[in-house]
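Working notes, structure below.
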Amino acid sequence: MSSATLEAALAWQGIRQARYQDWSAHAALTLLAGQLQVWRGGAWRAKGTVTPEAAALLDHLLPISATPGRFVMAQLGQSLDGRIATISGASHYVTGEASRVHLHRLRALVDAVVVGAGTACADDPQLTVRHAPGDNPVRVILDPNGRVPATSGVLQRGDAPTLHITRHPLPRAALGAHVESLTPAGAVDLTPSALLETLAARGLRRVLVEGGGQTVSRFLADGQLDRLHVVVAPLLIGSGRPAISLAEIETLDAALRPPCRTFAMGDDTLFDLTLRSGHAV
Ligand SMILES: NC(=O)c1ccc[n+]([C@@H]2O[C@H](COP(=O)([O-])OP(=O)(O)OC[C@H]3O[C@@H](n4cnc5c(N)ncnc54)[C@H](OP(=O)(O)O)[C@@H]3O)[C@@H](O)[C@H]2O)c1
């Protein structure tokens, strides 16, 4: 059994291995040829030395990859004053390079990545895994009013299968072959829970809601998030698109205070919030 130093690249391999295990059938598993033992839910123990960077990765990513069943998380990169973009929608980049690698790792740990129409229009994001080894998730674009142009990269470039969820489907011929249009049945709006049911029926049970603020807020308000990663960058934008917006409350007793751990991420800080645990397998 090897007891070589466990560094970040190897830790990431272990986290990816964990992502493909059946955690409903195992309380604990040994990964990385015996170097890493992982318990369901993400606790871990390693043989030999572990670098601080590898330990931090295992701490904040194994709870995602070693949790059985449906798992829904969101991540936002925001300024100190809670903005995810300027008022004109410019968001490149609020957070630093290490946080971008983190986001790509999250994408590699899920079956589907969800963005709202606002993000698809403002950023035309690729939503692929490029800054870490890993597989691209299915892309899901929430566009009930058909705002996202057919010419956008996400509807043209076949980097990953793409679901365009809209009441105004675009002509088939205008879209790349990788795109499937889905129309929410008769609904005026698509609730996050209904959307997650639709995705689960297609085998997409591990979901990352990647933004923007309105979309993440809807999933949070609907009680659908297991985990929320808020990456806070040391800048003040002073105005612009807000991160989380929920219904108004009168006193701070009604504020959400989920269990929270923090991790340094370059110059940024990751706030890793557990919103739900022990959900249905
Ligand atoms: N810093 C970051 O981490 C980050 C991440 C992502 C995006 N961004 C930035 O954030 C900005 C966009 O964010 P945003 O909050 O303005 O918009 P957004 O969340 O991207 O999109 C909101 C829109 O998506 C549709 N939508 C979302 N959830 C839905 C649901 N459950 N059912 C039906 N429709 C749903 C609605 O479209 P309709 O309005 O057509 O009904 C809604 O208005 C952009 O500037 C982008 O660059 C930053």
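Ligands are counted one by one from 1 in listed order, and the atoms in each one are counted from 1 as well.
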Under 3.5 Å between some N or O of ligand 1 and some N or O of Ala117? yes
Checking contacts here: is it the side chain or the backbone of Gln214 that comes within 4.0 Å of ligand 1, counting heavy atoms only? Could be both or neither. both
Ile64 versus Arg206: any side-chain heavy-atom pair under 4.5 Å? yes
Enumerate the atoms of ligand 1 whose separation from the nearest heavy atom of Asn145 is less than 4.0 angstrom. 38 (P), 40 (O), 41 (O)
Report yes if some heavy atom in the side chain of Arg202 is under 4.5 Å from a heavy atom in the side chain of Glu180; otherwise report no. yes
Which label fits His131 and His104: parallel for a plane angle under 30°, tilted from 30 to 60°, or perpendicular past 60°? tilted
Hey, does Gly118 come in under 3.5 Å of ligand 1, counting only N/O atoms on both sides? yes
Quick check against the 3.5 Å criterion: does Asp226 have a side-chain atom that pairs as donor or acceptor with the backbone of Met73? no
The atoms of ligand 1 lying under 4.0 Å from a heavy atom of Thr119, numbered in the order shown, are 6 (C), 7 (C), 12 (C), 13 (O), 18 (P), 20 (O)
Under 3.5 Å, N or O to N or O, is Pro192 touching ligand 1 that way? no
Could you check whether any side-chain heavy atom of Leu163 comes within less than 4.5 Å of a side-chain heavy atom of Leu199, counting everything from C-beta outward? yes
Should Tyr93 and Leu76 be regarded as members of a common hydrophobic cluster, given that ILVMFWY residues are connected when their side-chain heavy atoms come within less than 4.5 Å of each other, either directly or indirectly? no
When you measure from the side chain of Asp124 to the backbone of Ser152, do you find a donor-acceptor pair of N or O atoms at a distance under 3.5 Å? no
Using side-chain heavy atoms (C-beta onward) and a distance below 4.5 Å, is Val230 in contact with Ile244? no
Are any of the N/O atoms on Ala85, whether in the backbone or the side chain, positioned under 3.5 angstrom from an N/O atom of ligand 1? no
Would Leu190 count as a contact of ligand 1 if the rule is a heavy atom under 4.0 Å away? yes
Find out whether Arg276 and Leu225 are in side-chain contact, i.e. whether some heavy atom of one side chain is under 4.5 Å from a heavy atom of the other. no
The atoms of ligand 1 lying under 4.0 Å from a heavy atom of Gly116, numbered in the order shown, are 20 (O), 21 (O), 24 (O)
I'd like to check Val72 versus Val209 (side-chain heavy atoms, cut-off strictly below 4.5 Å). Are they in contact? yes
On a heavy-atom basis, I'd like to know which of His92, His168, Arg218, Gln75 is closest to atom 30 (C) of ligand 1. Arg218
Side chain or backbone, does Thr191 bring an N or O within less than 3.5 Å of an N or O on ligand 1? no
Does an N or O from Arg147, backbone or side chain, lie closer than 3.5 Å to an N or O of ligand 1? yes
Could you tell me whether Gly89 and ligand 1 have an N or O pair separated by under 3.5 Å? yes
Between Asp123 and ligand 1, which residue portion shows a heavy-atom distance shorter than 4.0 Å: side chain, backbone, both, or neither? side chain
Ligand-side contact atoms (ligand 1) for residue partner Ala122, heavy atom cut-off under 4.0 Å: 44 (C), 45 (O)
Measuring from atom CG of Leu190 to atom CG of Leu196, what distance do you get when rounded to the nearest 0.5 angstrom? 9.0 Å
With heavy-atom distances below 4.0 Å as the criterion, list the atoms of ligand 1 near Glu210. 5 (C), 6 (C)
For ligand 1, is there an N or O atom under 3.5 Å from any N or O atom of Val94? no
When only distance counts, is Gln78 in polar contact with ligand 1, meaning an N/O pair under 3.5 Å? no
Are any of the N or O atoms of Leu76 closer than 3.5 Å to those of ligand 1? no
Under a 4.0 Å N-O cut-off, is there an ion pair linking Asp111 with Arg19? yes
